[in-house]
Amino acid sequence: MKEEKLTGRGKAKLVVRYLRPVAWLFALGLLMSLFSQVFNALIPQIVRVTVDSVLGTEKPQLPAALAGALPIEALRADPAMALVWAAGAVVLFAVLRGFAIFGQRLFLARGSEGFVKGIRDELFSHIQRLPFAWHTAHQTGEMIQRCTSDVEVVRTFVCTQLVEVIRTVILVAVYLYAMFSMNVKLSLVSLAFIPVVALSSGLFYGRIAARFKVADEAEGELTTMVQENLTGVRVVRAFGRESFELGKFNEKNDRFSELWIKLGRVLAVYWASGTLLTCLQVMVIIVCGIVESVHGNMTLGEFLAFISYNEALSWPVRSLGRVLSDMSKAGVSLDRVGYILRAPEEKDAPEAAPHSAAGDIVFDHVTFGYGETPVLQDVSFTIPQGSTFAILGGTGSGKSTLVHLLDRLYDLQEGRITIGGVDIRSFTRESLRSQIGLVLQEPFLFSQTIRENIAATRPGAPQEELRSAAAIACVDEAICEFPEGYETLVGERGVTLSGGQKQRVAIARMLMQRAPIMVFDDSLSAVDAETDAKIRAALHESLGKATVLLISHRVTTLMQADCILVLDGGRVSELGTHAELIAKPGIYRDIYDIQMSSDDRRLLGKEGV
């Protein structure tokens, strides 16, 4: 899948879009971080003043107001009391720093969750409005991984690591100010190591970005494989494919693990070199500090405070490399998330408006194909309002494609479809689809109760209507046999029910919609012929003036229709009533002769045909 990458500016815009609503929380968090760093920077100064001016004889280098308020002579006279005061001051600033850290974490946590919630909300909302063709072209497992793992990577980087960079900048600024106020020469030596670390981190970042992308793609493949295995667990068990599936999983898992092991090696080299640089910096500062102290350019208290500041700087500066390496992961994840958000949504034409789906349905010279593969070629026919129209054809003849075009799951390429003389492209998609009830051959049921599934098209409908719809679909009796009846929880993808029960529940759900156009896309394929006949009889009595489209491979399901269309190779091969089609040679009569067993004829006798 060829994906266009976001530019650096595009990634920044994407992040800012979701940061804007919670920017004030991040600002408060960073302000608390500033207070935390200031309080932490004051502790070494307490040590410096205690060593140099209380225990020693140096004049305290403090602001005039603070120096005047500090009883230096009294503290020098009682060193024990001086140490108690010093310890108390350290505890006070530590407590204040603790409150600042609490505020920092609280505000940043709230901002972080607000940021990621905004991304998730827009992702889910956007996915709901993407064309059906987009969904069929992308693997579910990979899209789930983009919406979960990749979003979490972005959140971690922006809300943790990027904030850590800003916090580090604040720390460096505060500590360097304190260090330069004590010894400029030694501060310059310490400062010289920062660009060295930054340069090594930049080189590392460039090397690791592509590897993170490959690892992320491998994770997407692994997630897709697991999702497909869990979804198709019945097929796996039925055909004894456990060993085969395990082998596939092990192959992808081994590749995924191997990629991360290689990444681990690169990370290990980076962290080892980073540790070497840090130790070298500390060693140089200690040696230079001793030289400065011996020459009288630095007091013992300043030396101790300087070493404390240098130690405090070493880890945050070194962690910039980790942030830059994670930036590569975040960049890849932003590309993957941005790919979904940039996908064009379904859009109605500017002149589109809600219309009533009343009147004849006309397919006028419709031609359509998936990519370069033609499916329908110059198809024209009319479905009178209130009639039952049947469609018969072999696999790949375009039966379901006709329904998808009518419901605008795919947009027309050539020709047009009208309802009551109004082009369906003039309908808003919402108004069109709300008036077309659709039952697919493989119906999807939500992991909810049977009652909630049937009431999905009309939430809050009374129980009597639910049972009436279920009775028409010949599933009410089966539901009542469950211990919890309509409150029975349907497992994932409806595994609690049999194939026929799922189809009948889906039919009941569609009947609750009360749509003027009802489409049954081979939706009775999983029920036996006798139940099929009962459902059709009940539907015939209850549908009233609704326009009904029946798609099936079973002739007995279609033969009572007002008109039957036979598709062959994407073209209209035959069109007429059952009696007209059976009276002449053709595809329909051939299928009729093949399918008409003695059981079928017995059922036809019961139906009075």
Inset, instruction - With side-chain contact (heavy atoms from CB on, under 4.5 Å) as the test, would you mind laying out the steps for Asp150 and Val154 before giving the verdict? - result: CA-CA 6 Å; Asp150 286 315; Val154 174; 5.7 Å; no
May I have the list of side-chain donor-acceptor pairs in residues 183-190 shorter than 3.5 Å, sequence neighbours left out?
| from | atom 1 | to | atom 2 | distance (Å) |
| --- | --- | --- | --- | --- |
| Asn183 | OD1 | Lys185 | N | 3.2 |
| Asn183 | OD1 | Leu186 | N | 2.8 |
| Asn183 | ND2 | Glu292 | OE1 | 3.1 |
| Ser187 | OG | Met179 | O | 2.9 |
| Ser187 | OG | Phe180 | N | 3.2 |
| Ser187 | OG | Asn183 | O | 2.7 |
| Ser190 | OG | Asn310 | OD1 | 3.1 |

Inset, instruction - Give a yes or no on this: more than 12 heavy atoms of other residues, nucleotides or ligands lie within 6.0 Å of atom CD of Glu251. - result: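 Open: at most 12 neighbouring heavy atoms sit under 6.0 Å from CD of Glu251.
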Inset, instruction - Please say whether more than 12 non-hydrogen atoms of neighbouring residues, nucleotides or ligands are located less than 6.0 Å from OH in Tyr370. - result: yes
Sub-3.5 Å donor-acceptor pair from the side chain of [X] to the main-chain atoms of [Y], do we have one?
{"X": "Gln128", "Y": "Ser125", "value": "no"}
{"X": "Ser333", "Y": "Ala330", "value": "no"}
{"X": "Thr136", "Y": "Ala133", "value": "yes"}
{"X": "Ser33", "Y": "Gly29", "value": "no"}
{"X": "Asn250", "Y": "Leu246", "value": "yes"}
{"X": "Tyr309", "Y": "Ala41", "value": "yes"}

Just jot down the ring-ring contact (aromatic ring centres under 6.0 Å, His included) partners of [X], sequence neighbours excluded, or say none.
{"X": "Trp134", "answer": "His138"}
{"X": "Phe115", "answer": "none"}
{"X": "Phe132", "answer": "His404, Tyr410"}
{"X": "Phe306", "answer": "none"}

Quick test of your reading: applying salt bridge (charged side-chain N to carboxylate O under 4.0 Å, His left out), list the pairs with at least one residue in [range], sequence neighbours left out, ordered by first then second residue.
{"range": "residues 124-137", "answer": "Arg129-Glu345"}
{"range": "residues 103-118", "answer": "Lys117-Asp121"}
{"range": "residues 264-276", "answer": "none"}

Taking all heavy atoms of [X] and all of [Y], pick out the closest pair and write down the distance.
{"X": "Tyr175", "Y": "Asn40", "result": "OH-ND2, 2.5 Å"}
{"X": "Leu42", "Y": "Phe93", "result": "CD1-CE2, 3.5 Å"}
{"X": "Leu30", "Y": "Ile170", "result": "O-CD1, 4.0 Å"}
{"X": "Met32", "Y": "Ala100", "result": "CB-O, 3.3 Å"}
{"X": "Ile101", "Y": "Ser36", "result": "CG1-OG, 3.5 Å"}
{"X": "Pro44", "Y": "Ala305", "result": "O-CB, 3.7 Å"}

Once rounded to the nearest 0.5 Å, what's the spacing between atom [atom1] of [X] and atom [atom2] of [Y]?
{"X": "Phe39", "Y": "Phe99", "atom1": "CZ", "atom2": "CZ", "answer": "11.0 Å"}
{"X": "Thr488", "Y": "Ile450", "atom1": "OG1", "atom2": "CD1", "answer": "4.5 Å"}
{"X": "Leu14", "Y": "Arg342", "atom1": "CG", "atom2": "CZ", "answer": "9.0 Å"}
{"X": "Arg336", "Y": "Cys147", "atom1": "CZ", "atom2": "SG", "answer": "10.0 Å"}
{"X": "Glu452", "Y": "Leu489", "atom1": "CD", "atom2": "CG", "answer": "8.5 Å"}
{"X": "Ile340", "Y": "Ile127", "atom1": "CD1", "atom2": "CD1", "answer": "5.0 Å"}

Is [Y] close to [X] at the side-chain level, that is, under 4.5 Å between some pair of heavy atoms?
{"X": "Ile286", "Y": "Ile290", "value": "yes"}
{"X": "Tyr339", "Y": "Asp335", "value": "no"}
{"X": "Leu108", "Y": "Leu25", "value": "no"}
{"X": "Ile166", "Y": "Phe26", "value": "no"}

Legend entry - Pair Asp411 + Arg429, salt bridge at N-O below 4.0 Å: yes
Legend entry - Glu258/Lys262 salt bridge by N-O under 4.0 Å criterion: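 So Lys262 pairs with Glu258 through a salt bridge.
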Inset, instruction - Kindly write out the residues that satisfy side chain to side chain contact (heavy atoms under 4.5 Å, CB included) with Ser112, not counting sequence neighbours, or none if the list is empty. - result: Arg155, Cys159
Inset, instruction - Mind checking side chain to side chain donor-acceptor pair (under 3.5 Å) for Arg433 and listing every partner two or more places apart, or none if nothing turns up? - result: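 Glu346.
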Inset, instruction - Decide yes or no on side chain to side chain donor-acceptor pair (under 3.5 Å) for Arg167 and Gln104, but give the supporting numbers first. - result: CA-CA 10 Å; Arg167 193 188 74 84; Gln104 169 193 328; 5.6 Å; no
Inset, instruction - Kindly indicate, with the supporting measurements, whether the criterion side-chain contact (heavy atoms from CB on, under 4.5 Å) is fulfilled by Thr449 and Val490. - result: CA-CA 5 Å; Thr449 64; Val490 176; over 6 Å; no
Inset, instruction - Check whether the side chains of Glu152 and Ser149 place a donor and an acceptor atom closer than 3.5 Å, and report yes or no. - result: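 Distance-only check fails for Glu152 and Ser149.
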Legend entry - Contacts of type salt bridge (charged side-chain N to carboxylate O under 4.0 Å, His left out), residue Glu487, not counting sequence neighbours: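 Glu487: salt bridge (charged side-chain N to carboxylate O under 4.0 Å, His left out) contacts with Arg451.
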Legend entry - side-chain hydrogen bond (donor to acceptor under 3.5 Å, both in side chains) partners of residues 13-22, not counting sequence neighbours, each pair once: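 For residues 13-22, and leaving out neighbouring residues, the side-chain hydrogen bond (donor to acceptor under 3.5 Å, both in side chains) pairs sorted by first residue read Arg17-Glu122, Tyr18-Glu122.
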Inset, instruction - Indicate, with yes or no, if the rings of Phe446 and Phe444 have centres closer together than 6.0 Å. - result: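 Ring centres of Phe444 and Phe446 closer than 6.0 Å.
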